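All values reported here derive from a predicted model rather than from experimental measurement. Order of the sequence lines fixes the chain letters, A, B, ..., with proteins taken first and strands second; residue numbering starts at 1 for each chain.
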Amino acid sequence: MLSIISRRCLNITLRYSPILYRVSTKQAHTLSKKFVTNAIYNSKFQMFSHNQKRNLTLDEWAEIGKKYETPDSLTPQKLTERVMRVVNDFDKIKEASKTEVTETTHFMNDLGLDSLDHVEIIVALEDEFGFEIPDVDYDKLYTPRAIVEYMIQKLHVNTSPPPLPSSDSDPRHNIPH
Amino acid sequence: MALSNRIAPILKEIRPVLSVNHAEAKRRVLNLYKIWLRQIPYIRVDYISNNWTEPELRKILKDNFLQNKNVTDIRVIDRLLVKGQMDFVETAEIWRQAHNAALFDRSMDTYKIKPKHFLERFYEGHH
């Protein structure tokens with residue numbers, strides 16, 4: 001009962017949200033105390049407006065819809081992009097030439113980083129992907145390709161190719177009679 | 001040698017402080033480095049009067065860790081780890097002040113560096 005009442009009240013408040021419009025008056029240029037105290041009487045306030053939605057254009061609807069978009073699911077290509085971006089943003093790798101860093105560059109052997117730099121890279125990856133990488137897995141993450149494979153395993157990224165369209169019937173509905 | 005064969009095996013083993021082997025010690029060191037790394041943006045703000053930037057702080061952290069890179073004794077490493085963790089807690093809880101935190105930064109040392117090369121000694125004079 002109470003929930004129904006509260007829901008009805010909520011609906012009412014949403015529809016009739018107060019919008020305060022101020023229409024300019026002749027005395028608007030003065031900043032006297034008298035004007036300030038009599039502001040409500042001098043200017044017009046339109047307290048409760050009806051539904052303010054008018055006919056919106058398609059572009060305006062698209063702008064509204066952008067708030068509610070969900071991101072596309074991860075693909076291995078996007079994953080590699082993100083990983084390479086994180087790796088290339090690392091201070092020491094930036095100083096060295098960027099073109100050298102490929103998917104198979106080993107951090108310790110090829111780039112000459114030590115274990116503390118490796119920890120920095122791993123912290124950057126944790127910040128990027130939002131989950132904590134345990135100590136046991138530090139040994140696995142010495143090349144960008146290994147990092148990508150690890151992420152595919154941990155984030156359950158779909159690596160199978162998309163199904164080709166065909167005119168066959170849906171096999172899920174092939175129920176034997 | 002002959003004597004070492006007669007010494008009881010229990011005397012050969014040393015009671016560990018924290019870690020039993022080098023692998024465990026390395027794990028602890030890397031974890032300590034990681035928590036200091038994550039604290040760096042907060043250190044910058046808490047001790048803002050030192051005018052540190054985050055790359056500077058990372059360099060300072062790196063230098064402090066590399067200072068002890070040639071240590072091989074596990075018990076010494078463990079003692080250094082404990083000290084590092086105590087320093088971390090003091091820095092994170094802001095029990096230090098700005099000058100205390102700046103002790104880690106060697107570039108802010110104010111003692112006079114002795115001149116090494118000829119020209120610098122020449123400018124100093126014959127002291």
Note to self: Could you walk me through whether B/R38 and A/D127 satisfy the salt bridge (charged side-chain N to carboxylate O under 4.0 Å, His left out) test, starting with their C-alpha distance in whole Å, then the side-chain angles of each, then the deciding distance to 0.1 Å, before giving a yes or no?
What the structure shows: CA-CA 10 Å; B/R38 287 213 180 273; A/D127 289 340; 2.9 Å; yes
Check: Given the rule in the side chain to side chain contact (heavy atoms under 4.5 Å, CB included) test, do A/D135 and B/N31 qualify, once you have shown the distances and angles that lead to the verdict?
Finding: CA-CA 8 Å; A/D135 298 350; B/N31 267 329; 2.8 Å; yes
Margin query: Please determine whether side chain to side chain contact (heavy atoms under 4.5 Å, CB included) holds for the pair B/K62 and A/D117, giving the CA-CA distance in whole Å, both sets of side-chain angles, and the decisive distance to 0.1 Å.
Written below: CA-CA 9 Å; B/K62 196 70 173 308; A/D117 296 322; 2.7 Å; yes
Note to self: I'd like to know whether A/D114 forms a salt bridge (charged side-chain N to carboxylate O under 4.0 Å, His left out) with B/K69, so could you lay out the CA-CA distance, the side-chain angles of the two residues, the decisive distance to 0.1 Å, and finally the verdict.
What the structure shows: CA-CA 11 Å; A/D114 58 351; B/K69 77 174 178 177; over 6 Å; no
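A/V119 and B/Y33 make their closest contact through CG1-CD2, 3.8 Å (heavy atoms, listed as atom of the first residue, atom of the second, distance).
Rounding to the nearest 0.5 angstrom, the gap separating the CD atom in B/E54 from the CG atom in A/D91 is 10.5 Å. A distance of 3.0 Å separates OH of A/Y138 from NZ of B/K34, quoted to the nearest 0.5 Å.
When the shell of 6.0 Å around CD1 of B/I113 is examined, it contains 12 or fewer heavy atoms from other residues, nucleotides or ligands. The environment of B/Y42 atom OH is sparse: at most 12 non-hydrogen atoms of other residues, nucleotides or ligands sit within 6.0 angstrom. Open room surrounds CD on A/Q77; 12 or fewer heavy atoms of other groups in view lie less than 6.0 Å from it.
Clustering ILVMFWY residues whenever any of their side-chain heavy atoms sit less than 4.5 angstrom apart, transitively, puts A/I122 in a cluster other than the one holding A/Y142. Hydrophobic clustering of Ile, Leu, Val, Met, Phe, Trp and Tyr side chains at less than 4.5 Å, counting indirect connections, unites A/L155 with A/Y150. One hydrophobic cluster holds both B/I94 and B/F88 under the rule that ILVMFWY side chains link at heavy-atom gaps under 4.5 Å. Clustering ILVMFWY residues whenever any of their side-chain heavy atoms sit less than 4.5 angstrom apart, transitively, puts A/M108 in a cluster other than the one holding A/I147.
In this structure, A/L116 and B/L66 have side chains that are in contact, with non-hydrogen atoms separated by less than 4.5 Å.
Heavy-atom distances place the side chain of B/L37, and not its backbone, under 4.5 Å from chain A.
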